[in-house]
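To start, the structure itself, in structure tokens.
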Amino acid sequence: MPEAPFADVRHAGALVPLFSIPSRESWGIGEIPDLARLAAWLNQGGLDFVLLLPVNEMGSGQNSPYSAMSAMAIDPIYLALRDVHEFADGGGESSLSDADRAKLEEARRVPRVAYDVIRDIKSRALGSAFRRFEERESTTRSARAREFETFREREAWWLADYALFSALNQENGGRYWLEWSEGVRDREPGALADAERRLETEIRYRAWLQWIADEQWRRARQQARPVAIFGDFPFVVSAHSADVWARQHEFRLDASVGTPPDAFSATGQDWGLPLYRWDVIERGGYQWLQERARRSADLYDGFRVDHLIGFYRTYYRDHEKRGAFVPPDEPSQIAQGERILRVLAGFGTQIVAEDFGSIPDFVRESLARLHVPGYKVLRWERHWHTEGKPFRDPASFPPLSLATSGTHDTETLAEWWDEADADERQKAVEWPVLRAAGFGADAPFDNRLRDALLRTLFISGSNLVVVPVQDVFGWRDRINTPAVVDDVNWRWRMPWPVDDLTSEPVPRERAAFLRDLAAGSGRYLR
């Protein structure tokens, strides 16, 4: 009998960024092999998938996984040097300078991800490992060198443009590609051919990094079984990216994407990201989106479609800050959104839709037609047109949906309860689990309330449940506070090494509790 689609069966998973789960061996940040270690704890807790934030290569000086300079490439900061043959053959960590070893130990000790330090040490260590590869493998045309060349040929459909862009970016000191010399800026064939000759070694290096990432990713994904790995499909990438440089005709750089004024922001949001030229993209058969979906299907068992509404209708501001939607009318928006969702789901991978904000009814009707789950955030689901606006009973959530207690952008459950006013709390304690347990609106957020809220989430009608890992423990630490640039956002790490989760008393207790929740709500399938 064929296996049912993922969203047609009850599942439970956790949301956690890869950067947040370093192991004892990692260099101060979660690394690709650490996914298998996380999966061991999730499996212990009866959870069968993990939802990651994007792992695409970030631009220079960036910490946000949504500020990518490639929609395809994995950020080398997630590579585990201990698993790179050439680094181990060169002496491993003992080959680092005393200064770098001291910085590395500090990066492992500090409570937040020290991106700049980690990236600097890893870049030099990986550079040395690549030179060793070239000397020992490429010059002898070894089996390992042939595997690398096979990877380059197989992935050339995205890797060639990425590696050239990355090499040119290095040559130009990270300057915006519009500031590069005319020939490479405008992708003149002669200038590109000259750059490929001039930067051959750097291009090979950038491709080699992606080969190492590919090897480590495939191994980690296999070792994570039976826990599935879900990814995140960002709406768009940075203007300074390999993708925009390679497809300049498909983007408007004189306008920027964002959101209109709504309940979340009185002024709306301007993300400073380039605007799709949807008419051009449609004439090209949505090729780039197809390629992104193909790449996501290669990496993940499923993925979350970020900012779903933008694929139906994109809100943008032009250089005079005037706002508008494209396409402008509802029939065109429905047609475009459904075409794109069919493209994204076209490789057989489960997709879920992040349908937050001011979402027209026609979008959710469209999702239902296409059998794509949307989100149900526990504290946002209310009977908005009923007097008093009471919370919905989560048991009434439709099966084709994903229920969650929050996202990477929201406050944690603990923060929400701390900051909720008396009226909101009073309505929340009417949820059946909280009412039966006798909670009042003045109840403090403690372990008992935390667990009652998690139970409320798990018994929801939604087939899919995702819990941000902070809410599993009742922590107040946030992954990200939107519109804030500081030394805290995107740097949060778990307080234990990920390889200790299955043995530390608190995570073990949490795993046992989650396992009972999953089993009791029909989500534990093994």
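Computed from a predicted model, the values in this text were never measured in an experiment.
In this view, Arg108 and Trp27, Glu93, Leu104, Glu105 satisfy the side chain to side chain contact (heavy atoms under 4.5 Å, CB included) rule, not counting sequence neighbours. For Asp89, the salt bridge (charged side-chain N to carboxylate O under 4.0 Å, His left out) test picks out no residue, with sequence neighbours left out. The side chain to side chain donor-acceptor pair (under 3.5 Å) check on His371 picks up Asp8, with sequence neighbours excluded. Not counting sequence neighbours, the partners of Arg292 by the side chain to side chain contact (heavy atoms under 4.5 Å, CB included) test are Ala71, Met72, Phe233, Pro234, Tyr276, Trp288, Leu289. Scored by the side chain to side chain contact (heavy atoms under 4.5 Å, CB included) test, Glu202 finds Ala167, Gln170, Tyr205, Arg206 as partners (sequence neighbours excluded). Residues that satisfy the salt bridge (charged side-chain N to carboxylate O under 4.0 Å, His left out) test with Arg339, not counting sequence neighbours, are Glu282. Residues forming a salt bridge (charged side-chain N to carboxylate O under 4.0 Å, His left out) with Arg154 (at least two apart in sequence, or on another chain): Asp214. For Lys122, the salt bridge (charged side-chain N to carboxylate O under 4.0 Å, His left out) partners are Glu31, not counting sequence neighbours. Annotation: side chain to side chain contact (heavy atoms under 4.5 Å, CB included) contacts of Asp75 (sequence neighbours excluded): Glu57, Met58, Ile77, Tyr78, Arg119. Under the ring-ring contact (aromatic ring centres under 6.0 Å, His included) criterion, Trp496 pairs with Phe473, Trp475, not counting sequence neighbours. The ring-ring contact (aromatic ring centres under 6.0 Å, His included) check on Tyr300 picks up Trp217, with sequence neighbours excluded.
Within a 6.0 Å sphere centred on CD of Glu188, heavy atoms belonging to other residues, nucleotides or ligands number more than 12.
Between the side chains of Asn56 and Ser70, no donor N or O sits under 3.5 Å from an acceptor N or O.
Trp278 does not carry Arg313 over the face of its six-membered ring by the limits of under 6.0 Å from the centre and within 45° of the normal.
Evaluated for a ring pair (Phe, Tyr, Trp, His ring centres under 6.0 Å) with His408, the options Trp490, Trp492, Phe19, Phe356 yield exactly one hit, Trp490.
Sorted by first and then second residue, the pairs that involve residues 156-174 and meet salt bridge (charged side-chain N to carboxylate O under 4.0 Å, His left out), not counting sequence neighbours, are Asp161-Arg187, Glu171-Arg198.
Using cut-offs of 30° and 60° for the angle between ring planes, the Trp180 and His240 rings count as perpendicular. Note: His11 and Phe49 have perpendicular aromatic rings, judged against thresholds of 30 and 60 degrees for the angle between ring planes.
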**Message:** For Asp232 and Tyr66: C-alpha separation, side-chain torsions, deciding distance, then whether side-chain hydrogen bond (donor to acceptor under 3.5 Å, both in side chains) applies.
**Reply:** CA-CA 10 Å; Asp232 193 306; Tyr66 293 92; 2.8 Å; yes
